Amino acid sequence: MRSGLVVLSVFALVLSGFRIKSGEKNYEDFKPHMRAVYASLVTIFPLALNTRSFTSKDNNKAIQENLNLIAQHAKEINTLAAKDEKGHAYLSLQLERNARQAALKYKDGLHDQAHFFVEELYDTCLSCHTSRSSSTDSAFTMDLSKNLDLDAMGTFGKAKFLALSRQFDRALDEYERIFKSQDLSLEELMHFDPLVDYLVLAVRVKGDADRPLKTIAELQKRPLPGPVKHDLEAWQKSLKQVKSRPKKQSDLEFARTLMKDVNRDRMSLVNTIFASKYLKDHLKRANISAKDKAETYYQLGICELSIGESLLAGESGMYLEESIRLAPKASFAKRAFELYEESVTLGYTGSAGINLPVEEKARLDELRKLVF
Ligand code: HEC
């Protein structure tokens, strides 16, 4: 009896091992396009650091050509990613849109607007590269960025650039160097909020709880205001909880546990970052039921709402919508709809009241009908 069970569970383990592998996508087809957009970005980056060089006639041709190239490749990337998990598909669409707008505005001499879209472009690269666990650093970008003056990029500019270049270890080193250094003022820590970006990298990309635990212990040696202290203590607790995760729990089960007492506040941040990692890992499995998939998207929607960094704006609505479409009669569908409605409405609320575009209103009506 006993040995039968052992054989069975070994068999199940082997099976699930295979399942994870076969469900995982291989991104080789992305790489030529990624390398091309990166090469163009490295050319534009130093020229976009100040207005004078961004608008200078001498740089005009190089900037325009490279923005056009990025827009072309972004289109290809969007075609490839359109078949992916929803988050990827969404971000690749953003990439295409930002690239196209940057190229168009630059061509029309609208430099301020072009610059805005270039910045958005960096953020899109960064969001996508940190949206899923993939711990392999790129050897390719290491070579290309060698000649860049990374130190000219401001306090956190270098760390962000390294992260968007998929130099994750070097980005983490850089954040830790800054956190340790005496130069980092409390104002900078509060204003730029680098801890969120750091935690996303350490936790979601690298799946590493030890590094941030050390960093937090280091930060706690400084005199800190009460609210920051409380955040750090809560994050420490979450990181320890993840380290003692019960082995038998599936990714979705563990994510549920992490999300149980989550509020949309900063103390819940580490729980939601970890939960979103496990939920995305769960989505990579080939054979999950529609209902589990719907719940996974629902939980992801809540995660993105509570992480709420500019990096991930917009993703939550898309997750919630997908969740509703997959299982409109599930117990969580009504709540998903409420959250969806709230985030869409907020997105279109301005000084003149709510201004929902027609297609957005039609989508809301359609989803409401499905759920109620
Ligand atoms: C839709 C998601 C997505 C967006 C948006 C995105 N990337 Fe990527 N990128 C990927 C994936 C997936 C890989 C492959 C990762 C792997 O090795 O598993 C990748 C890999 C890379 C690589 C490594 C290539 C190599 O051969 O090592 C570079 C460089 C890169 N991306 C640059 C960029 C730049 C620059 C941007 C923004 C202009 C960007 N990416 C936007 C998903 C994205």
Side-chain angles (χ1 to χ4, degrees), residues 20-21 23-48 63 65-103 106 114-148 150 153 157 160-171 200-201 204-207 276-277 280-281 283-284 304 310-315 318-319:
I20 295 167
K21 280 222 170 64
E24 246 173 49
K25 193 179 146 65
N26 152 3
Y27 285 100
E28 283 309 313
D29 51 351
F30 277 47
K31 285 196 176 166
H33 300 295
M34 290 293 161
R35 290 178 175 210
V37 288
Y38 188 74
S40 288
L41 205 81
V42 168
T43 311
I44 294 173
F45 204 86
L47 305 178
I63 293 177
E65 277 177 6
N66 283 291
L67 285 177
N68 292 347
L69 278 173
I70 296 180
Q72 280 164 26
H73 286 282
K75 208 167 163 215
E76 305 279 341
I77 294 170
N78 186 28
T79 314
L80 290 173
K83 299 168 238 122
D84 271 10
E85 166 262 309
K86 287 285 155 186
H88 245 189
Y90 174 82
L91 286 166
S92 74
L93 194 68
Q94 294 297 101
L95 181 76
E96 210 231 306
R97 186 182 146 254
N98 292 327
R100 190 160 24 95
Q101 288 297 330
Y106 196 80
H115 197 267
F116 169 82
F117 284 108
V118 169
E119 299 265 333
E120 291 283 296
L121 204 58
Y122 303 151
D123 279 348
T124 321
C125 314
L126 192 57
S127 305
C128 205
H129 290 170
T130 54
S131 71
R132 54 189 273 280
S133 37
S134 157
S135 47
T136 40
D137 285 22
S138 170
F140 167 76
T141 56
M142 188 87 140
D143 267 358
L144 267 193
S145 57
K146 245 189 337 227
N147 300 326
L148 276 183
L150 295 174
M153 294 176 189
K160 280 196 167 171
F161 187 82
L162 287 168
L164 89 80
S165 306
R166 303 187 68 88
Q167 300 290 325
F168 299 123
D169 281 325
R170 289 174 72 203
V200 167
L201 277 184
R204 187 147 62 189
V205 180
K206 288 282 174 183
S276 70
K277 168 188 159 55
K280 290 199 180 187
D281 287 349
L283 279 182
K284 283 192 213 150
E304 300 305 356
S310 62
L311 283 182
L312 301 156
E315 261 184 286
M318 187 247 340
Y319 287 134

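Predicted, not measured: the structure shown is a model, and the values here were computed from it. Just so you know, residue 1 is the first one in the sequence shown, and it goes up from there. Indexing begins at 1, ligand by ligand and atom by atom, following the structure's order.
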Where the closest heavy atom to atom 36 (C) of ligand 1 is concerned, which of C125, S92, A74 has it? C125
Give the numbers and elements of all ligand 1 atoms closer than 4.0 Å to a heavy atom of Y27. 12 (C), 14 (C)
So the atoms of ligand 1 within less than 4.0 Å of a heavy atom of S138 turn out to be 23 (C), 25 (C), 27 (O)
Taking only non-hydrogen atoms of H88 and a 4.0 Å limit, the atoms of ligand 1 in range are 1 (C), 2 (C), 12 (C)
Please tell me whether Y122 and F45 form a close aromatic pair, meaning their ring centres lie under 6.0 Å apart. yes
Parallel, tilted or perpendicular: which one describes the rings of Y27 and H88, with boundaries at 30° and 60°? perpendicular
Under 3.5 Å between some N or O of ligand 1 and some N or O of H129? yes
Between R204 and T130, does any side-chain donor sit less than 3.5 Å from a side-chain acceptor? no
Between NE2 on residue H115 and CD1 on residue I63, distance to nearest 0.5 Å: 9.0 Å
Compare Q94, H73, M34 and give the one whose heavy atom is closest to atom 7 (N) of ligand 1. M34
For R100, the salt bridge (charged side-chain N to carboxylate O under 4.0 Å, His left out) test, sequence neighbours excluded, returns E96
